[in-house]
Amino acid sequence: MASFSYLMSVLVLCVIIGYANAQLELNFYAKSCPKAEKIIKDFVQQQVPKAPNTAAAILRMHFHDCFVRGCDGSVLLNFTSTNGNQTEKLANPNLTLRGFSFIDAVKRLVEAECPGVVSCADIVALVARDAVVATGGPFWNVPTGRRDGTISNVSEANADIPAPTSNFTRLQQSFAKKGLDLNDLVLLSGAHTIGVSRCSSFSERLYNFTGVLGTQDPSLDSEYADNLKSRKCRSINDNTTIVEMDPGSFKTFDLSYFKLLLKRRGLFQSDAALTTRTSTKSFIEQLVDGPLKEFFDEFGKSMEKMGRVEVKTGSAGEIRKHCAFVNN
């Protein structure tokens, strides 16, 4: 009898450990909320054509979420019991994040179908993929089963999210910390093929590169810099003007961004940094010389890899009722 009790205890312990260490899987909600992924996809396909910049916005949100405490939806929180309102949303890199109301709208639809089942973290990951596809970009697998985090800290976001002013060393360190390599760095930076930025994210390159007003980043193509200063960012204090990250092609997921990098026309210092090392520059040249499908396939693999960074599964975290607040 004692041996039977011991066996049962071991079995229960194994089940608990297995549940806590559960992994992401495709169609995780197949039984618990079978219509969830179709509800999300249908809404995205209906809404994104009306606002094409949504794809870039949610893609950026997904990236910023995964780089702080893993892909756990912590970037969505307005308030936590442990940190009050000093959440990731207030971090400098996140002040220009958009798309929160879009995620909230998706969450309401999914909650109406299956209350308390689908995590906000999974919704962000699925919307990012479906929005990119809706703009003609690549498809990638999104395994699901992420749980939502309950901690969101402004200082962690400021420390962990690579800034657009990052040099190569900083980028390499930031990505390596999340288990991402140099190819992932190049491919994920390729997301800059769509979307826009404010002048404040790169105006130092134009007006104050060395800390002396009037100095310009010599690595930036001078003709491109002159164009930016005369037509877009006319002052270092311009915090509102919007600039395309991939001029002339910012609504199309293509290879144009990488071609611009090789012409020294990347908008951010972090873009220019990718061509300062032989390994990453060679990879960029390989992508530019290859078919678009190669970029799509490789980008998808890196997105799936990033989507697994430090995820909470099993019994960790929670399934938030509202994405902006932890459950009571």
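These numbers come from the heavy atoms of this one structure, side chains and all, not from hydrogens, waters or symmetry mates. All of these numbers come straight from a predicted model, not from anything done at the bench.
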Verify salt bridge (Lys or Arg N to Asp or Glu O under 4.0 Å) between Arg308 and Glu304, making sure each step is shown before the conclusion. CA-CA 7 Å; Arg308 294 179 179 274; Glu304 183 174 349; 3.3 Å; yes
Under a single-linkage rule joining Ile, Leu, Val, Met, Phe, Trp and Tyr whose side-chain heavy atoms are separated by less than 4.5 Å, which residues share a cluster with [X]?
X: Val243; result: Phe202, Leu206, Tyr207, Leu213, Leu220, Tyr224, Leu228, Ile236, Met245, Leu267, Phe268
X: Phe325; result: Phe79
X: Leu95; result: none
X: Ile242; result: Val196, Phe250

Indicate yes or no: at least one non-hydrogen side-chain atom of [X] is less than 4.5 angstrom from one of [Y].
X: Cys71; Y: Glu310; result: no
X: Leu260; Y: Asp246; result: yes
X: Tyr29; Y: Cys114; result: no
X: Asp72; Y: Arg147; result: no
X: Glu298; Y: Lys301; result: yes
X: Ser203; Y: Asp238; result: no
X: His192; Y: Asp271; result: yes
X: Leu77; Y: Val326; result: yes

I'd like to know whether Asn92 forms a side-chain contact (heavy atoms from CB on, under 4.5 Å) with Val154, so could you lay out the CA-CA distance, the side-chain angles of the two residues, the decisive distance to 0.1 Å, and finally the verdict. CA-CA 9 Å; Asn92 289 331; Val154 62; over 6 Å; no
Those residues that, when tested against [X], pass side chain to side chain donor-acceptor pair (under 3.5 Å) (two or more places apart):
X: Asn141; result: none
X: Thr96; result: Arg60
X: Arg205; result: Asp217, Ser219
X: Gln172; result: none

Run the numbers on Arg234 and Ser230 for side-chain hydrogen bond (donor to acceptor under 3.5 Å, both in side chains), then give the verdict. CA-CA 6 Å; Arg234 293 187 172 92; Ser230 63; over 6 Å; no
Any side-chain to backbone donor/acceptor pair from [X] onto [Y]? Under 3.5 Å, distance only.
X: Asp148; Y: Ala121; answer: yes
X: Lys41; Y: Leu126; answer: no
X: Lys107; Y: Val118; answer: yes
X: Glu318; Y: Asn327; answer: yes
X: Thr144; Y: Phe28; answer: yes
X: Asn94; Y: Glu88; answer: yes
X: Thr80; Y: Thr150; answer: no
X: Thr215; Y: Val212; answer: yes
X: Arg231; Y: Asn227; answer: no
X: Arg265; Y: Tyr257; answer: no

Can you name the salt bridge (charged side-chain N to carboxylate O under 4.0 Å, His left out) partners of Asp42, sequence neighbours left out? Lys38
Contacts of type salt bridge (charged side-chain N to carboxylate O under 4.0 Å, His left out), residue Lys35, not counting sequence neighbours: none
Which heavy atom in [X] sits nearest to a heavy atom in [Y], and how many Å separate them?
X: Phe168; Y: Ala273; value: CD1-O, 3.5 Å
X: Gln216; Y: Ala225; value: NE2-CB, 3.3 Å
X: Glu111; Y: Val117; value: OE2-N, 4.2 Å
X: Thr313; Y: Gly145; value: CG2-O, 3.6 Å
X: Asp65; Y: Ser74; value: OD1-N, 3.1 Å
X: Ala91; Y: Ala157; value: CB-CB, 3.4 Å

Out of curiosity, [X] [atom1] to [Y] [atom2], how far, rounded to the nearest 0.5 Å?
X: Leu274; Y: Gln269; atom1: CG; atom2: CD; result: 12.5 Å
X: Ile284; Y: Phe258; atom1: CD1; atom2: CZ; result: 6.5 Å
X: Leu90; Y: Asn78; atom1: CG; atom2: CG; result: 9.0 Å
X: Thr280; Y: Asp181; atom1: OG1; atom2: CG; result: 11.5 Å

Apply the test side-chain contact (heavy atoms from CB on, under 4.5 Å) to residues Asp184 and Met306: give CA-CA distance (whole Å), side-chain angles for both, the deciding distance (0.1 Å), then the verdict. CA-CA 9 Å; Asp184 297 317; Met306 185 190 78; over 6 Å; no
Hey, is NZ on Lys229 packed in by over 12 heavy atoms from elsewhere, all under 6.0 Å? yes
Within 6.0 angstrom of Lys305 NZ, more than 12 heavy atoms from elsewhere: yes
Could you note down all residue pairs passing disulfide bond (SG atoms under 2.5 Å apart) where residues 292-328 supplies at least one of them, sequence neighbours left out? Cys120-Cys323
For the pair Glu37 and Asp130, evaluate side-chain contact (heavy atoms from CB on, under 4.5 Å) and give the outcome as yes or no after the intermediate values. CA-CA 10 Å; Glu37 293 198 22; Asp130 292 342; over 6 Å; no
Would you call the rings of Phe253 and Phe295 parallel, tilted or perpendicular, where under 30° means parallel and over 60° means perpendicular? parallel
Could you tell me if the ring centre of Phe139 sits under 6.0 Å from that of Phe296? no
Which residue pairs satisfy the side-chain hydrogen bond (donor to acceptor under 3.5 Å, both in side chains) criterion with at least one member in residues 283-296, sequence neighbours excluded? Gln286-Glu294, Lys293-Asp297
Hydrophobic clustering (ILVMFWY, side-chain heavy atoms < 4.5 Å, transitive) - are Val110 and Phe100 grouped together? yes
Sole residue of Leu76, Val75, Val106 in side-chain contact (heavy atoms from CB on, under 4.5 Å) with Val124: Leu76
How far apart are the C-alpha atoms of Cys66 and Lys178, what are their side-chain angles, what is the distance that settles it, and do they pass the side-chain contact (heavy atoms from CB on, under 4.5 Å) test? CA-CA 9 Å; Cys66 292; Lys178 301 302 174 183; over 6 Å; no
With no hydrogens and no angle check, do the side chains of Asp254 and Ser256 hold a donor and an acceptor under 3.5 Å apart? no
